[in-house]
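Read through the structure below, which is laid out as structure tokens, and then see the notes.
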Number of protein chains: 2
Amino acid sequence: MVSKRAIRGDTRARIVAAAAEEFARCGFDGAKVDRIAARAAVNKAMLYYHFANKAALYRDILRTMFATVAAAVDSLRESGASPQAQLAAFIAAVNDTALTHPHFPPMWLREIADGGRHLDDAIVREMSSVVSTLAGILSLGAQRGDFRPVHPFIVQLGIVGPLLLFAASAPIRERYRDRTPQQIGSIPREAVVAQVQSMTLAGLRPEPAHPVRRRR
Amino acid sequence: MVSKRAIRGDTRARIVAAAAEEFARCGFDGAKVDRIAARAAVNKAMLYYHFANKAALYRDILRTMFATVAAAVDSLRESGASPQAQLAAFIAAVNDTALTHPHFPPMWLREIADGGRHLDDAIVREMSSVVSTLAGILSLGAQRGDFRPVHPFIVQLGIVGPLLLFAASAPIRERYRDRTPQQIGSIPREAVVAQVQSMTLAGLRPEPAHPVRRRR
DNA sequence: GTCTATATTTTGATAGAC
DNA sequence: GTCTATCAAAATATAGAC
């Protein structure tokens, strides 16, 4: 039962959209309920009519976020393509999602930094679904002898880490475009994706790629 | 002139230490001045005697943080070792710093997610110093024909991204140790560092490592 | 340098009419 | 479902004595 909303704006959806932007920009504690309501052009009391409290609203968005990534990544497993191609597609899918949902990267980073303060079991299930999908690709590649065995979560870090940092650092790079060397301001995202793809694939090749250690 | 502190506790240092922990755990907005003062066993008014306000205290810590990383990374350039070895040492140095200063990773992630809200020019200088050091290693390798030319910042993302995520996600992995598949709880950090090293080096090899693209 | 007491503002949340 | 008015609890910051 959906009651009788959706006559034009669907307030609930507007609240969620405004909240996602606010949470991404300010974090959970920095986000202000008044600002969310204002941005959604909704009365603050209305917000509390739809959601029990700020935390419930936040969790709802987090859940959607990870479910979106999980679904995007899961869909490409059916292609039956080679492990290499599937892995590249996995990386592209994560990047696409970050592109089409610009608030995901900051929220993801923040939730990690927060020690997962607002995670519930449902959200964690979605998160680990992403890793499981990756694990499937990796074990397929290992079976075929294309990949050497590596812990899926480590590979996940190598993929998600750079992509999240790149996406989330856009405002900083833009602001300090000229005040920094190395033209950090003008890096095409395609170059980042391509580099993550080639780095990940190269790092998975069966022949150990001369790892060196060093302590100062 | 250092006045006459340091008789035993050095209040200022205690404030900074307590604040670093609080900022790492809660973020700028989540961090409470009362809690910082309490944790430092210092009166709250004392805190405002040493620092103009919460933001100034925060910036002071950020500055130290990036200066520490910049120094650690810079020192290993003098070794005159091979580009490969220097790069591996760079990665190890970043990891070591994250290990010895556990509040750095969350703070770093948060500042990125925050869009660099609290950065000032001095801090940005330290940050770009790290990238410059990496750029030096990369261009040395490129001169010798050991590395193919890649934008330093992209390589930086590939190094710092995984390491920060791994370090900062420790509490989450610990909490959901058994509720998740893939034994995410028990991954040795050495494995992560080794994988980042081999992935980075492999991704820099002159021969292009069959990059694949894909859009769903 | 250190503490007590307090001013001021902000903010999450609710009561209750329509 | 929607809005007005408002409460109560933080939380940043300061004044001013010692």
Side-chain angles (χ1 to χ4, degrees), chain A residues 1-62 107 110-111 113-114 117-120, chain B residues 1-62 107 110-111 114 117-118 120:
Chain A
M1 44 177 120
V2 201
S3 319
K4 58 134 196 179
R5 38 179 156 96
I7 299 187
R8 199 195 52 118
D10 199 346
T11 42
R12 196 193 141 104
R14 283 214 313 281
I15 293 172
V16 170
E21 201 176 319
E22 175 79 1
F23 283 132
R25 181 159 12 226
C26 311
F28 182 80
D29 293 304
K32 300 309 166 192
V33 180
D34 291 279
R35 220 148 45 194
I36 294 175
R39 203 175 298 200
V42 161
N43 192 285
K44 183 167 55 159
M46 206 52 222
L47 191 150
Y48 284 100
Y49 172 77
H50 283 287
F51 298 92
N53 50 38
K54 188 177 161 183
L57 172 56
Y58 180 82
R59 278 196 303 272
D60 194 88
I61 294 172
L62 257 202
M107 287 191 71
R110 284 199 151 98
E111 194 52 31
D114 253 345
R117 208 183 359 145
H118 295 285
L119 298 182
D120 59 24
Chain B
M1 42 172 123
V2 201
S3 318
K4 58 134 193 178
R5 41 179 153 97
I7 298 185
R8 196 195 55 118
D10 198 344
T11 42
R12 196 193 141 103
R14 283 214 314 282
I15 292 173
V16 170
E21 202 176 319
E22 174 79 1
F23 283 132
R25 180 158 12 222
C26 310
F28 182 80
D29 294 303
K32 299 310 165 193
V33 179
D34 290 281
R35 220 146 47 193
I36 294 175
R39 202 175 298 199
V42 163
N43 192 285
K44 184 169 52 163
M46 205 54 223
L47 191 150
Y48 284 101
Y49 172 79
H50 283 287
F51 298 92
N53 49 37
K54 190 178 160 184
L57 171 56
Y58 179 83
R59 278 196 303 271
D60 194 88
I61 294 172
L62 258 202
M107 288 191 69
R110 285 199 149 98
E111 193 53 31
D114 254 345
R117 205 178 9 141
H118 296 284
D120 59 24

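We name chains A, B, ... by the order of the sequence lines, and we start the count at 1 in each one. Since this is a predicted model, take the numbers as computed values, not measurements.
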How many Å lie between NZ on B:K54 and C1' on D:dT12, as a whole number?
-> 8 Å
Contact check, side chains of A:E111 and A:Y58, non-hydrogen atoms, under 4.5 Å | yes
Strictly under 3.5 Å: I want the nitrogen or oxygen pairs between protein and nucleotides 2-6 of chain D, one per line.
{"unit_1": "D:dT2", "atom_1": "OP2", "unit_2": "A:T11", "atom_2": "OG1", "d": "3.2"}
{"unit_1": "D:dT4", "atom_1": "OP2", "unit_2": "A:N43", "atom_2": "ND2", "d": "3.3"}

What is the distance, rounded to the nearest whole Å, between atom NZ of B:K32 and atom P of C:dT11?
-> 10 Å
Here the distance between atom P of C:dT4 and atom CG of B:L47, to the nearest Å, is 15 Å
Non-neighbouring partners of B:Y48 that pass ring-ring contact (aromatic ring centres under 6.0 Å, His included), sequence neighbours left out = none
Roughly how many Å is it from CZ in A:F51 to C1' in C:dT14, rounded to a whole number?
-> 18 Å
B:D34 CG - C:dA5 C1' separation (whole Å) = 13 Å
Within the structure shown, what part of the strands sits under 4.0 Å from B:A37 by heavy-atom distance: base, sugar-phosphate, or nothing?
-> nothing
Could you tell me the separation between the CD1 atom of B:I15 and the P atom of D:dA13, rounded to a whole number of Å?
-> 14 Å
B:Y48 side chain N/O closer than 4.0 Å to the phosphate oxygens (OP1, OP2) of D:dT14?
-> no
Whole-Å distance, B:R35 CZ to D:dA13 P, equals 15 Å
Would you check if the side chain of A:R14 reaches a backbone N or O of A:A40 as a donor-acceptor pair within less than 3.5 Å?
-> yes
Given side chains that start at C-beta, do those of B:C26 and B:R35 come closer than 4.5 Å, heavy atoms only?
-> yes
Sorted by chain and residue number, the side-chain hydrogen bond (donor to acceptor under 3.5 Å, both in side chains) partners of B:D120 (sequence neighbours excluded) come out as B:R63
side-chain contact (heavy atoms from CB on, under 4.5 Å), paired with A:I36, selected from A:E22, A:K44, A:K54 | A:E22
